[in-house]
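In what follows, a structure is listed as structure tokens, so that the remarks can point back to it.
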Amino acid sequence: MPALVLDPQILALASLVVFFGALTQSLIGFGMAVVAAPLLYLIEPSLVPAPVILMGFSIALLTLLRERGALEFNGLQYALLGRIPGGLIGAGLLLVAPQAVLGMTIAIIVAIAVLLSLLRLNLVVNRRSLFIAGVISGIFGNIAAIGGIFSSTIAMVILGLTGLLTLHHFYCSALLLPSVLLGYLTANRLVGRIDKNKTRIMTLVLCSLSAILLAAKSLSSLL
């Protein structure tokens, strides 16, 4: 288990990454995982996935409270059910895969997320498709910390049961939580003043670059 300490330089860089992740998440609905996860893994691998999931849960909870009037739960139970086997598969990979393989996997997951966001596919929504989406989300979520408030809860339970959620992760999350809150509060002041489409495009570009950097580092380690 990693030591219960973070180097001040690592903490400063991680705080900056988390701030921008929380900012984009609060502005356009995604960003904490796809922006922060690959960069944090480059900075300090122990920050992914558990601390990112914990921080993602925090920003999702804040957003839930802000947007509670627009909540819809139709079909959610099937997707959440699928998160359980998917989460177990993801946790299994975290337990057995070498660090370089996990880094490459995170880079691929982020690249897939960017591609799907660009394609905007219109898929048939039914019980089966929601369950399959939940399984895939569970795998992605427990490796690259992608998910919302309910899925993050499932991911944290699975990581805890498999020994992948430790005191070190809670400690790191507590240190980075101020950056989450600052990103959220900054976003609240910017809502209505920025072009969400341009922000989304810039975020996807940043995600792509960070995924490429992580893939290059992981590939060099594998070779």
Side-chain angles (χ1 to χ4, degrees), residues 2 4-67 103 106-107 109-111 113-114 117 140-141 143-149 151-153 155-156 159 165 167-215 217:
L4 192 62
V5 65
L6 275 183
D7 181 272
Q9 291 183 336
I10 291 177
L11 177 59
L13 285 173
S15 296
L16 185 62
V17 170
V18 169
F19 167 77
F20 281 107
L23 178 65
T24 54
Q25 177 79 34
S26 300
L27 286 173
I28 60 177
F30 71 94
M32 177 55 78
V34 291
V35 171
L39 293 175
L40 289 176
Y41 199 82
L42 283 168
I43 296 169
E44 172 53 59
S46 69
L47 294 175
V48 182
V52 180
I53 291 174
L54 288 166
M55 291 181 289
F57 176 85
S58 301
I59 195 69
L61 180 60
L62 290 170
T63 305
L64 176 66
L65 294 174
R66 186 184 65 189
E67 308 290 343
I106 291 172
I109 288 172
V110 172
V114 170
S117 181
F140 285 13
I143 296 177
I146 296 175
I149 184 168
S151 55
S152 293
T153 303
M156 286 190 290
L159 291 178
L165 181 61
L167 183 60
H168 170 77
H169 299 128
F170 283 103
Y171 169 77
C172 293
S173 301
L175 291 177
L176 295 170
L177 185 58
S179 297
V180 174
L181 297 175
L182 183 59
Y184 173 78
L185 293 174
T186 303
N188 285 345
R189 297 180 68 88
L190 293 176
V191 170
R193 300 182 184 181
I194 64 168
D195 187 318
K196 286 191 175 183
N197 189 52
K198 289 182 179 179
T199 302
R200 173 178 169 275
I201 293 173
M202 291 174 60
T203 300
L204 292 176
V205 170
L206 176 59
C207 294
S208 301
L209 291 175
S210 61
I212 291 171
L213 286 174
L214 180 55
K217 180 183 179 181

Least distance between heavy atoms, [X] atom then [Y] atom:
X	Y	result
Val110	Cys207	CG1-O, 3.8 Å
Ser152	Ile53	O-CG2, 3.7 Å
Pro49	Leu159	CG-CD1, 4.3 Å
His169	Ser46	CD2-O, 3.4 Å
Pro38	Ser210	CG-OG, 3.3 Å
Gly103	Tyr41	CA-CE2, 3.5 Å

Between the CG atom in Leu62 and the CG atom in Leu181, the distance rounded to the nearest 0.5 Å is 6.5 Å
The reported gap from CG in Leu213 to CG in Leu42 (rounded to nearest 0.5 angstrom) is 6.5 Å
Exercise for the section: Go through Leu176 and Leu47 one step at a time and tell me if the side-chain contact (heavy atoms from CB on, under 4.5 Å) criterion holds. Expected result: CA-CA 10 Å; Leu176 295 170; Leu47 294 175; 4.3 Å; yes
Between side-chain atoms of residues 21-35 and protein atoms elsewhere (two or more places apart, or another chain), which donor-acceptor pairs fall under 3.5 Å?
from, atom 1, to, atom 2, distance (Å)
Thr24, OG1, Phe20, O, 3.0
Thr24, OG1, Gly21, O, 3.0
Gln25, OE1, Gly31, N, 3.1
Gln25, OE1, Met32, N, 3.1
Gln25, NE2, Gly29, O, 3.1
Ser26, OG, Ala22, O, 2.9

**Asked** Stepwise, does the side-chain contact (heavy atoms from CB on, under 4.5 Å) test hold for Glu44 with Cys172?
**Response** CA-CA 11 Å; Glu44 172 53 59; Cys172 293; over 6 Å; no
**Asked** Can you list the steps and then say if Leu11 with Ser15 is a side-chain contact (heavy atoms from CB on, under 4.5 Å)?
**Response** CA-CA 6 Å; Leu11 177 59; Ser15 296; 3.8 Å; yes
Residues 186-199 vs side chain to side chain donor-acceptor pair (under 3.5 Å), sequence neighbours excluded, gives Arg66-Asn188
